[in-house]
There are 2 protein chains.
Amino acid sequence: MTLEQTDLQRTEIFKVLSDINRLRIIRVLRHAQREMTCGEIGEKLNISKSTVSYHFKMLRNVGLTNTRRESQSKYLSLNYQTFNNFLPGFLDSL
Amino acid sequence: MTLEQTDLQRTEIFKVLSDINRLRIIRVLRHAQREMTCGEIGEKLNISKSTVSYHFKMLRNVGLTNTRRESQSKYLSLNYQTFNNFLPGFLDSL
DNA sequence: CTATTAGTTCTAATGTTATAAAACAATCGA
DNA sequence: TCGATTGTTTTATAACATTAGAACTAATAG
């Protein structure tokens, strides 16, 4: 992995973290200490489901979250490894 | 300072860090271990002076850099305190 | 003063992002 | 199967970001 590639990966992660709603999603997951569904988070943050789905995709794309399907629902959780790799200590500061 | 205000400050900082050229500027300053001028950095990164000036403003606005005028030149340096407050360990990882 | 150097701001072009409604797809319970 | 639930994709729109050239400002050397 070249320096340039790592920089690009970094900027992608920062881009994803630079939206207030995505930061809120991360905080909600962080404090819930459990996986949550789109619906739950959308309702909690008062965002339309299509917008929540869009943000979930962004988070997943850079590896900040994991998803797990169960029945009709999709469960989201934080991917601690990515946070630790790129932003050690960040989650604790949230 | 409310949680919401801190979140907004955080997203602003992430927004500034989510551009590849600004990340490059930070790396150059980090490794130079000294202040540098617009011209120096622009030449090193092959970016027009107006664009460099624009990025410098972004960095300064969120407190990631300091500036010092001396004669015709303007010297830029990293503001370590901001990095330590919001992204402890980040500079070392660069 | 005038010219030079260094940086900023204005402008216009181009591209990217966030949003929600609508249509769509997948899953499951009755 | 049918309808309800849950989430995704498409579409349109509005706002914002990045870029460099041109015009501008500030400081200084001669």
Side-chain angles (χ1 to χ4, degrees), chain A residues 4 7-29 32 34-78, chain B residues 4 7-29 32 34-78:
Chain A
E4 191 68 2
D7 266 8
L8 281 170
Q9 205 176 352
R10 257 194 264 265
T11 56
E12 284 312 304
I13 287 178
F14 284 135
K15 201 165 287 171
V16 167
L17 292 172
S18 73
D19 179 271
I20 189 80
N21 279 329
R22 287 192 289 266
L23 207 57
R24 285 196 189 109
I25 291 170
I26 290 169
R27 163 167 298 115
V28 164
L29 285 167
R34 62 176 173 85
E35 2 171 67
M36 293 175 82
T37 64
C38 269
E40 268 187 294
I41 294 180
E43 198 175 357
K44 204 169 180 76
L45 298 180
N46 204 34
I47 311 170
S48 78
K49 62 180 183 165
S50 59
T51 301
V52 173
S53 184
Y54 165 73
H55 287 311
F56 275 19
K57 200 177 190 173
M58 304 294 262
L59 288 163
R60 206 171 346 102
N61 281 347
V62 297
L64 287 173
T65 56
N66 307 304
T67 51
R68 182 179 66 83
R69 165 144 234 145
E70 183 185 309
S71 178
Q72 292 111 313
S73 300
K74 207 165 185 181
Y75 287 88
L76 232 84
S77 57
L78 297 175
Chain B
E4 191 68 2
D7 266 9
L8 281 170
Q9 204 176 352
R10 258 194 263 266
T11 55
E12 285 311 304
I13 286 178
F14 284 136
K15 200 165 289 172
V16 168
L17 292 172
S18 73
D19 178 90
I20 188 81
N21 279 329
R22 287 192 289 266
L23 207 57
R24 284 195 189 108
I25 290 170
I26 291 169
R27 164 169 295 113
V28 164
L29 284 168
R34 61 177 174 85
E35 1 171 67
M36 293 176 82
T37 65
C38 270
E40 270 187 292
I41 295 181
E43 198 176 355
K44 204 171 179 75
L45 298 179
N46 204 33
I47 311 170
S48 78
K49 60 180 184 166
S50 60
T51 301
V52 173
S53 183
Y54 165 73
H55 287 311
F56 275 19
K57 199 176 192 175
M58 304 295 255
L59 289 163
R60 205 169 348 102
N61 280 347
V62 297
L64 288 173
T65 57
N66 307 305
T67 51
R68 180 178 69 83
R69 167 143 231 146
E70 184 184 310
S71 178
Q72 291 109 316
S73 299
K74 207 164 183 180
Y75 287 88
L76 233 86
S77 57
L78 297 175

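In what follows, chains carry the letters A, B, and so on, assigned in the order in which the sequence lines appear, proteins first and then strands, with residues in each chain numbered from 1. The model shown is predicted, which means the values in this text are computed figures rather than measured ones.
Phosphate proximity of D:dA17 to B:H55: absent, as no side-chain N or O sits under 4.0 Å from OP1 or OP2. Phosphate proximity of C:dT16 to A:K15: absent, as no side-chain N or O sits under 4.0 Å from OP1 or OP2. For C:dT9, one of the phosphate oxygens OP1 or OP2 lies less than 4.0 angstrom from a side-chain nitrogen or oxygen of B:K57.
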Letter per nucleotide, 5' to 3', of nucleotides 22-30 of chain C [B base touched, S only sugar-phosphate touched, - untouched; heavy atoms, 4.0 Å]: B----BS--

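Closest to the A:R60 side chain, of the nucleotides D:dT8, D:dG7, C:dG7, is D:dT8. Side-chain proximity of A:S48 to C:dG7, C:dA20, D:dG7: nearest is C:dA20. Comparing D:dT18, D:dT19, C:dG7 by their nearest atom to the side chain of B:K74 picks out C:dG7.
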Evaluation steps, side-chain contact (heavy atoms from CB on, under 4.5 Å), between B:R27 and A:D7: CA-CA 10 Å; B:R27 164 169 295 113; A:D7 266 8; 2.5 Å; yes

side-chain contact (heavy atoms from CB on, under 4.5 Å) evaluation trace for A:I41 with A:L29: CA-CA 9 Å; A:I41 294 180; A:L29 285 167; 4.1 Å; yes

Criterion side-chain contact (heavy atoms from CB on, under 4.5 Å) on B:L17 and B:I26, from CA distance to verdict: CA-CA 9 Å; B:L17 292 172; B:I26 291 169; 3.4 Å; yes

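Among the protein residues, A:Y54 comes within range of the nucleic acid bases, having at least one heavy atom under 4.0 Å from a base atom. As judged by a 4.0 angstrom heavy-atom cut-off over every strand, B:T51 is placed among the base-contacting residues.
Contact annotation: the side chain of A:T51 approaches that of A:H55 to within less than 4.5 Å [non-hydrogen atoms, C-beta and beyond]. When side chains are defined from C-beta on, B:T67 does not count as touching B:F56, because their heavy atoms never get closer than 4.5 Å.
One can place CD of B:E43 at 15 Å from C1' of C:dG7, the figure rounded to the nearest angstrom. Here C:dT16 presents its P atom at 18 Å from CG of A:D19, a figure rounded to the nearest Å. In this structure, the CG atom of A:L45 is 15 Å from the P atom of C:dA18, given to the nearest Å. A straight line from CD1 of B:I47 to C1' of D:dT18 spans 11 Å, rounded to a whole angstrom. Atom CZ of A:R68 is separated from atom P of D:dT6 by 15 Å (rounded to the nearest Å). Per the geometry, CD1 belonging to B:I20 stands 11 Å off P belonging to D:dT19, to the nearest Å. Remark: P of D:dT8 and CD1 of A:I41 are 11 Å apart, rounded to the nearest angstrom. Nucleotide C:dG7 holds its P atom 13 Å from the CD1 atom of B:I25, rounded to whole Å.
The two atoms that bring A:M36 and A:E40 nearest to each other are CA-OE1, 3.3 Å, heavy atoms only.
Not counting sequence neighbours, B:R60 has no partner by the salt bridge (charged side-chain N to carboxylate O under 4.0 Å, His left out) test.
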